[in-house]
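Working notes, structure below.
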Amino acid sequence: MFPHGNMGWPIIGETLEFLKLGRKGIPEKFINDRMQKFSSKLFMSLDDHVEAAKFYDHFAVLLAGLISIPIDLPGTSLHKAIRASNILRKYIAEIVRQRKLDIAERVESVPQDILSHMLLTSDENGQFLNDMEIADRIVGLLVAGHDTVSAAITFIVKYLAELPHIYEEVQNEQREILRSKPKGELLNWEDISRMKYSWNVAREAMRLASPAQGFFREAITNFTYAGFSIQKGWKIYWSTYSTHKDPNYFPNPETFDPSRFEGNGPAPYTYIPFGGGPHMCPGNVYARLVILVFMHNVVTRFKWEKIFADERIIIDPLPKPAKGLPIRLQPQCT
């Protein structure tokens, strides 16, 4: 059955677009484009498809310049990304102002999304975010949640295909949760908290193929580390890959071993797919939820195998299989 969606032509929906991109050899573009549209619904309930398309035209430009040569001249990726970022912030600020009016006038159809939550929630001092602060955070959430979660899921699928004993353990855990629920009942937070082994598998996948290559930090004081003098104001790059594959913290670092995360798990600041400290990515709970819900639904329904056994991994700028990780699905009885 082809996905008909809720856009496109009557009855057939977007099936023709789905088939066209498949014949071109880029079926993932169909999904990626819709992920962009639907995430705007989650964060700020942007339903107008034309407006959503305009929004994501600018968002695509921003993403393209996110990791680029730091030259801010007309025509460069960085210059285009900065311009797109400013347009997005102004656009979101307008949505924020309209949402404030709707809330003040108690409009019944005000969406209960992340934007409304930001507008209605104050800090411990009773202070609320201003319009541009909210716009900054919405852009940050969109950037952080766009490719990182899908990259993590891709590598979970990869490792579960390569390691049948790991797949079997995940499947057993997820089927036990499924059996404990009334037929047709959706997952809840209690179910998510029971997925301990599955989450350890996901964490190990993110250790070996972290969606983020690293993080920049600015030194706020002079200090010495490992014999090197670091001056206040210097920008320091913290490499996720070299940290995650340091044998001092992860013995046999190239081995896929979910048991590393049992008990107290890795030492602080050695496992950093979401960063660490006060600047840890606020989307880590969201990522956990999305990843575990995906794992539950896929392993209770399917088994799969890779089409290309030795598909190489490229970094651009996130890790991804060079050919898109095509797989052959086999339905499983639940």
Side-chain angles (χ1 to χ4, degrees), residues 5-8 13-14 31-63 65-66 81-150 185-193 274-275 277-294:
N6 59 1
M7 297 184 290
E14 296 186 290
I31 301 301
N32 292 340
D33 288 349
R34 280 137 195 88
M35 283 173 61
Q36 292 178 353
K37 292 183 176 73
F38 299 151
S39 60
S40 66
K41 227 178 134 48
L42 169 67
F43 294 133
M44 50 188 181
S45 301
L46 188 58
D47 287 315
D48 187 313
H49 298 145
V50 175
E51 290 300 308
K54 290 179 183 176
F55 183 92
Y56 277 102
D57 285 343
H58 295 300
F59 185 63
V61 174
L62 170 60
L63 287 174
L66 200 59
I82 291 172
R83 184 172 177 273
S85 176
N86 292 332
I87 292 172
L88 287 172
R89 284 178 169 84
K90 290 178 181 177
Y91 185 86
I92 296 170
E94 285 298 320
I95 295 174
V96 170
R97 282 190 277 275
Q98 182 59 51
R99 182 68 60 83
K100 280 183 172 179
L101 289 174
D102 292 344
I103 291 173
E105 295 172 4
R106 299 183 181 275
V107 175
E108 291 185 4
S109 60
V110 173
Q112 298 303 306
D113 53 17
I114 290 177
L115 174 55
S116 289
H117 178 75
M118 286 182 176
L119 286 168
L120 296 170
T121 305
S122 63
D123 63 18
E124 61 275 11
N125 299 315
Q127 299 296 312
F128 291 86
L129 298 171
N130 64 42
D131 294 0
M132 290 311 295
E133 287 173 335
I134 291 176
D136 284 342
R137 282 159 175 76
I138 291 289
V139 170
L141 285 169
L142 288 167
V143 169
H146 178 257
D147 281 335
T148 50
V149 173
S150 57
E185 182 178 283
L186 298 177
L187 292 172
N188 56 43
W189 190 250
E190 182 182 349
D191 299 323
I192 298 297
S193 65
F274 301 105
H279 294 289
M280 177 179 283
C281 174
N284 60 338
V285 177
Y286 164 74
R288 178 177 175 231
L289 179 65
V290 172
I291 288 169
L292 289 176
V293 169
F294 173 86

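Shortest non-hydrogen contact noted between A81 and G65 is CB-CA, 3.8 Å. Between D191 and L186, the shortest heavy-atom distance links the atoms OD2-O, 4.1 Å.
For R288, the CZ atom is densely surrounded, since the number of other residues' heavy atoms within 6.0 Å is greater than 12. The local environment of NZ in K90 is sparse, with at most 12 non-hydrogen atoms from other residues, nucleotides or ligands closer than 6.0 Å.
Note on residues 132-143: pairs passing salt bridge (Lys or Arg N to Asp or Glu O under 4.0 Å), not counting sequence neighbours, are R89-D136.
Residues satisfying the side-chain contact (heavy atoms from CB on, under 4.5 Å) test with L88, not counting sequence neighbours, are F55, H58, F59, L62, V139. Partners of N125 by side-chain contact (heavy atoms from CB on, under 4.5 Å), not counting sequence neighbours, listed by chain and number: D123, Q127. Applying the side-chain contact (heavy atoms from CB on, under 4.5 Å) rule to V290 yields the partners V149, I153, Y286; only residues at least two apart in sequence or on another chain are considered. The salt bridge (charged side-chain N to carboxylate O under 4.0 Å, His left out) test applied to R97 returns E94, D131, not counting sequence neighbours. E185 is linked by a salt bridge (charged side-chain N to carboxylate O under 4.0 Å, His left out) to K181, counting only residues two or more places apart in sequence or in another chain. For N86, the side-chain contact (heavy atoms from CB on, under 4.5 Å) criterion is met by I82, not counting sequence neighbours.
With D102 as reference, Q98 is the one residue of K100, R99, Q98 to meet the side-chain hydrogen bond (donor to acceptor under 3.5 Å, both in side chains) rule.
Counting only distance, with no hydrogens or angles, the side chain of T121 and the backbone of M118 share no donor-acceptor pair below 3.5 Å.
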| task | Decide yes or no on side chain to side chain contact (heavy atoms under 4.5 Å, CB included) for L289 and V285, but give the supporting numbers first. | result | CA-CA 6 Å; L289 179 65; V285 177; 5.7 Å; no
| query | Can you list the steps and then say if I87 with V61 is a side chain to side chain contact (heavy atoms under 4.5 Å, CB included)? | reply | CA-CA 11 Å; I87 292 172; V61 174; over 6 Å; no
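To the nearest 0.5 Å, atoms CD1 (I192) and CG (L187) are separated by 5.5 Å.
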